[in-house]
Amino acid sequence: MTGLRYVYAVCRPFGAPLQAELTGVAGAPAKMLHHHGLIAVVSDVPERDFAEEPLRAHLEDLDWLAATARGHQQVVDALTAVTTPLPLRLGTVFRDDSGVRVMIEEREEVFLRTLDRLEGRVEWGVKIYVEPTGQAETAGPDVTEGKPVSGRDYLRQRRSKARTQEDTWQRAEQFSGRLHSLLSEHADAARLHAPQNSALSRASGQNVLNAAYLVPRAQSEEFVEIVDRTKGEEPGMRVELTGPWAAYSFVEPAAADGTHTAEEAGSAGEEGS
């Protein structure tokens, strides 16, 4: 057998069909595997790319990894539109359907507990950036004036620039704290992630808030309106909203974990390293 089982997510049975011709990782169609009152959403993927050794090598290939992540996310997004999925980690692979069933049985209690907690809820992401032009806009004449003509002039400009930067970061910290507190009041749970590295994310500005919020679907419109009202509230600060997503940030580690190798999954369904 050359086909392995790639698992995107686990969820409860749902009435709505998946999108017609929904494809995921490696362009393979997504299908549902029912077991113990749960559904694992899976695709058949080639062993030449997803067995233990080639998968480990591919995970060092950023282009391959990005394409795989897009396929993974495409399926999870489709599930999020019709149910509450519990997304598994990128690269969760089993030898066959029996390996997937063993995984469901071993983690059934965790899956059910997590699905109960996430039911009817989605994740929204909120980021705040200090705009790269914010300093120039708020600096005042001392920083924007011409080339210093003396050492004293140079030091004065340096001190003025340092004060401006300190004021900007203080405003950013206060604004981020206020917004996070406000949004947390309108969410069932919140998570603060480490700020993104702008060199890696390619987003303009310096990320000062990177947060996720677990919000009931029925209250999502109100949550979005609250975020929208804050945009433009603080000069030089950019607020970005993303979502709704499956609740990646609020899945128990034991439920989401499971980058399985094909060999390990085929024998016992145990978690790989």
Side-chain angles (χ1 to χ4, degrees), residues 1-14 17-80 83-112 114-115 200-201 245-249 251-273:
M1 180 183 295
T2 59
L4 305 176
R5 303 297 183 269
Y6 185 102
V7 188
Y8 300 92
V10 172
C11 59
R12 286 195 170 89
F14 53 94
L18 288 175
Q19 295 175 6
E21 301 180 357
L22 175 64
T23 59
V25 170
K31 57 184 182 180
M32 295 184 288
L33 175 64
H34 294 255
H35 189 62
H36 274 216
L38 292 169
I39 293 174
V41 180
V42 306
S43 286
D44 295 335
V45 293
E47 189 169 354
R48 67 178 181 272
D49 289 323
F50 289 89
E52 182 177 9
E53 290 303 322
L55 178 58
R56 183 177 292 119
H58 280 314
L59 293 177
E60 302 297 324
D61 181 341
L62 294 182
D63 290 337
W64 186 92
L65 190 60
T68 301
R70 286 193 296 270
H72 181 101
Q73 188 63 44
Q74 183 167 292
V75 173
V76 174
D77 286 346
L79 283 170
T80 304
T83 188
T84 301
L86 193 165
L88 301 189
R89 293 188 187 277
L90 187 73
T92 299
V93 182
F94 293 88
R95 170 64 64 184
D96 51 27
D97 288 348
S98 64
V100 180
R101 293 188 179 99
V102 169
M103 179 270 293
I104 290 176
E105 292 174 6
E106 290 180 342
R107 289 192 257 168
E108 181 178 6
E109 183 179 341
V110 176
F111 286 157
L112 291 173
T114 305
L115 286 168
L200 297 177
S201 67
W245 309 109
Y248 285 96
S249 299
V251 173
E252 296 181 31
D257 198 16
T259 302
H260 297 250
T261 67
E263 287 74 8
E264 290 166 332
S267 59
E270 296 176 352
E271 293 182 11
S273 57

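All values below were derived from every heavy atom in this structure, side-chain atoms included, with hydrogens, water molecules and symmetry-related copies excluded. This structure is a prediction, so every number in the text was calculated from the model and none was measured.
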Is there side-chain contact between [X] and [Y], with heavy atoms separated by less than 4.5 Å?
{"X": "L115", "Y": "L38", "result": "yes"}
{"X": "L22", "Y": "P29", "result": "no"}
{"X": "L88", "Y": "M103", "result": "yes"}
{"X": "R12", "Y": "F111", "result": "no"}
{"X": "L4", "Y": "F94", "result": "no"}

Next on the checklist: What I want to find out is whether E47 reaches R95 closely enough, with some N-O distance under 4.0 Å, to be called a salt bridge.
Outcome noted: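 Looking at E47 and R95, the cut-off is met.
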Checklist entry - Are the charged groups of R5 and D96 less than 4.0 angstrom apart, N to O? => result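 Salt bridge flag = no for D96 with R5.
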What heavy-atom pair brings [X] and [Y] nearest, and what distance separates the two atoms?
{"X": "L90", "Y": "A69", "value": "CD1-CA, 3.8 Å"}
{"X": "S43", "Y": "A30", "value": "OG-CA, 3.6 Å"}
{"X": "V75", "Y": "T23", "value": "CG2-O, 3.9 Å"}
{"X": "G37", "Y": "P13", "value": "O-CD, 3.2 Å"}
{"X": "Y8", "Y": "V42", "value": "CE1-C, 3.8 Å"}

Next on the checklist: Among V93, V7, T92, exactly one meets side-chain contact (heavy atoms from CB on, under 4.5 Å) together with V100. Which residue is that?
Outcome noted: V7
Which distance, rounded to the nearest 0.5 Å, do you find between the [atom1] of [X] and the [atom2] of [Y]?
{"X": "D97", "Y": "L33", "atom1": "CG", "atom2": "CG", "answer": "5.0 Å"}
{"X": "L79", "Y": "C11", "atom1": "CG", "atom2": "SG", "answer": "5.5 Å"}
{"X": "K31", "Y": "I39", "atom1": "NZ", "atom2": "CD1", "answer": "14.0 Å"}
{"X": "T114", "Y": "R107", "atom1": "OG1", "atom2": "CZ", "answer": "10.5 Å"}
{"X": "T68", "Y": "R70", "atom1": "OG1", "atom2": "CZ", "answer": "8.5 Å"}
{"X": "D49", "Y": "Y6", "atom1": "CG", "atom2": "OH", "answer": "12.5 Å"}

Item to check | Any residue meeting salt bridge (Lys or Arg N to Asp or Glu O under 4.0 Å) with E108, in chain and number order, not counting sequence neighbours | outcome: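 Testing E108 for salt bridge (Lys or Arg N to Asp or Glu O under 4.0 Å), a comparison that skips the adjacent residues, returns none.
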Checklist entry - So, do F50 and H58 have ring centers that fall under 6.0 Å from each other? => result no
Checklist entry - Should the ring pair Y248 and H72 be called parallel, tilted or perpendicular, given that the plane angle runs from 0 to 90° and is split at 30 and 60? => result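 Correct class here is tilted.
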Item to check | Derivation of the salt bridge (charged side-chain N to carboxylate O under 4.0 Å, His left out) call for E105 and R101 | outcome: CA-CA 6 Å; E105 292 174 6; R101 293 188 179 99; over 6 Å; no
